[in-house]
Amino acid sequence: MATAAAPDRIPSVARGAAAVPGPRERAGDRLFRLGVAAFALLILALTAALAVMLAVESRGTWRSFGFSFLWSTEWDPIGGKFGALPFLYGTLVSSALALLIAVPLGVGSAIFLAELAPRRVSDAVSFAIELLAAVPSVILGLMGIFLLVPWVRAAEPFLTRWLGWLPLFRGAPYGIGLLAAGLILSLMILPYIAAISREVLLTVPRPLKEGLYALGATRWEVVRGVSLPYARSGILGAIFLALGRALGETMAVTMVIGNTPQISASLFSPAYTMSAVIANELAEASSPDHLSALVAIGLTLFGLTVVVNGLARLLIRRLEARG
Amino acid sequence: MNPLMMNARQPEDPAVPRPTEPYGEGVPLAHAVGERPVVMTIRNLRAGYAGGASVLKGVALDVRERAVTAIIGPSGCGKSTLIRCLNRMHEAVPRAWCEGDIHLGGRNVLHLDPVVLRREVGMVFQRPNPFPTMSVFENVAAGLVLNGERDRAKIAETVESSLRRAALWDEVKDKLASPGVGLSGGQQQRLCIARALAVRPRVLLMDEPCSALDPLATARIEELLVQLKEELTVVIVTHNMQQAARVSEYTVFMLMGELVESGPTQRLFTQPKDKRTEDYITGRFG
Ligand SMILES: Nc1ncnc2c1ncn2[C@@H]1O[C@H](COP(=O)(O)OP(=O)(O)OP(=O)(O)O)[C@@H](O)[C@H]1O
Ligand SMILES: [Mg+2]
């Protein structure tokens, strides 16, 4: 037994592994490794099965509309016309708006919490932020309806007065619409960006920061010169995680966006998102064509998240390679 | 207003005691150092960390210009704390405090803006800490850019001269654009020295700069120190008494937060006045 174990003990030590205590533990290690590998494979298989299932269930739509399904703007279940573009537009614009608001706020508060606030304040605020992340989205949706939408309605005329030269800020002040959806989404993803960015910023090694302080840097210069560059790939990861969340969010968005499949240049106008239309119409989808079109939207959303994640990977790897 | 300034406390009593033993007056200087002008005066310096007792218990010391002053003493005696008070880096530790008098050319260091002070008093750390997201060039240029230098030609010129002064230019002149962390440990430490030199400090503080390096890299840095002291003042903490003897004109021996003895290096090593110094340098404890 011992002699049989000896030959492969040498290379494993040479590889830099910790001392190998005995054959019994190594069997355990192997079992663990296999188990972990099996779970990883299972996740991969599930993801693949998901994509296949969506493709199979939506094949009717692809057969009759082809890729023009993606850029057709008409959505008329009774007339049998299906196009995904208004939903794609609603999802992308509301998420982009959410990022536009939540990234500066989230990264800014993470910088404050990690670099400027006393540790106790930082921990207390972080706890509150994590609580915010745990609020069910339907509750946020309620808050959206009763608080946010009236505010937006009140603010829209002012936006028109100051920024009305942009088509984005023209139109009737409904309150309900893309702007409200973007705001509620930004509130949802802000905790992710802030909490993760703070954690990442806290891992910046002290000696690095002291290195720049020693050259006569101010706190802000250290944040900009050392902390943010060191943490950038982690912060980017947080942003993409938040984007993924925003793209898929259903409940809070459908409660404030107005659920109207249209493309309008104005942020004030009602719109619709991919996840919202699936959730709202699935139960009433009586015709197989309608059902198939909804699944096709699901597949589009799935594809979008895959693309976003792929881009995130690529970008983060780029940044890490640059050191 | 820099928030780091908050921790600097005024001593209650403005009367500053003279050091009891200013560099062994009357003792012939072994190194041909003459009596050099004092650049930094430290009096009654006390310092500590959050909630703890004083780590420095009233240190008094004169740091002389264009010479190497070595600080030796057993682990935990407060060498790092002392040297970090000199450029106010001590205050970067949350709730650390220091009080007393540190004068640099007539100004009280504890009342200066740390940002201004640190451009005059540079620091090299125990572990080489090049900025990981910056190239060799950018590492050396970092301090200049902080100072608001925008003239590219001038930056390039200073980077080159700093790398030359740090005896690193020949090794890195072809890879200025590659990451600073890609260099060997000894090269990284010289890069950090170049980085500190680039802002033209009057005083350079070094906290065990060779303890993470092999003997060859250590020897290179020691050679470098000999050249550097032609133009600036060096205060170096070292665990290695041979190193102190090799590179320094003045040596300071510390024990448990107190400065036991200071004086010309050769005198301190050959004729220590304090029994505790003698015990330490002959290896009887510590
Ligand atoms: N960040 C800190 N918080 C609390 N106490 C500290 C801190 N840093 C140092 N100390 C304490 O201060 C005392 C002096 O530490 P210092 O680092 O100045 O010693 P040193 O002489 O540099 O030791 P070494 O030779 O091991 O580097 C030690 O007792 C240490 O425990
Ligand atoms: Mg130390």
Side-chain angles (χ1 to χ4, degrees), chain A residues 107-126 197-198 200-238 315-323, chain B residues 1-4 50 84 86-95 112-135 138-148 178-182 188 191-192 195-201 204-207:
Chain A
V107 176
S109 51
I111 291 172
F112 170 75
L113 292 173
E115 306 271 346
L116 304 174
R119 192 58 196 251
R120 273 160 75 195
V121 175
S122 171
D123 284 345
V125 175
S126 304
S197 302
R198 170 182 173 265
V200 178
L201 284 171
L202 285 177
T203 65
V204 179
R206 235 199 133 68
L208 284 184
K209 295 200 253 179
E210 291 192 347
L212 201 59
Y213 274 125
L215 294 175
T218 62
R219 279 197 170 189
W220 171 236
E221 286 166 337
V222 170
V223 167
R224 241 187 31 190
V226 170
S227 301
L228 284 180
Y230 185 90
R232 65 191 172 189
S233 57
I235 292 176
L236 206 68
L315 215 67
I316 289 170
R317 189 160 311 161
R318 268 263 186 85
L319 282 182
E320 276 169 353
R322 269 207 291 154
Chain B
M1 186 64 192
N2 192 303
L4 288 179
R84 286 168 61 89
L86 300 187
N87 68 343
R88 307 263 305 266
M89 200 54 96
H90 180 61
E91 296 157 28
V93 179
R95 296 199 291 141
L112 273 180
D113 184 348
V115 167
V116 174
L117 168 70
R118 289 176 191 148
R119 289 176 189 177
E120 288 181 53
V121 184
M123 184 166 231
V124 173
F125 297 80
Q126 184 164 357
R127 304 205 142 268
N129 58 350
F131 304 125
T133 52
M134 297 185 195
S135 66
E138 289 166 335
N139 262 283
V140 183
L144 298 170
V145 175
L146 283 182
N147 275 340
S178 58
V181 284
Q188 286 186 21
L191 180 66
C192 293
R195 182 174 79 186
L197 292 178
V199 291
R200 304 223 150 245
L204 186 61
L205 309 173
M206 307 177 106
D207 191 350

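Here is how names work: the chains are called A, B, and so on, in the same order as the sequence lines, proteins then strands, and each is numbered from 1.
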Subject >> Atom group of B:R127 that falls short of 4.5 Å from chain A, counting heavy atoms >> reply: neither

**OP:** Examine whether an atom of B:P130 lies under 4.5 Å from a heavy atom of chain A, and if so say whether it belongs to the side chain, the backbone or both; otherwise answer neither.
**Re:** backbone

Subject >> side chain to side chain donor-acceptor pair (under 3.5 Å) partners of B:N139, counting only residues at least two apart >> reply: none

Subject >> Pairing residues for A:S109 by the side chain to side chain donor-acceptor pair (under 3.5 Å) criterion, not counting sequence neighbours >> reply: none

**OP:** Nearest 0.5 Å please: distance from the CZ atom of A:R198 over to the CD1 atom of A:I235.
**Re:** 13.0 Å

Subject >> Atom group of A:R206 that falls short of 4.5 Å from chain B, counting heavy atoms >> reply: side chain

Subject >> Minimum side-chain heavy-atom gap A:P207-A:E210 below 4.5 Å >> reply: no

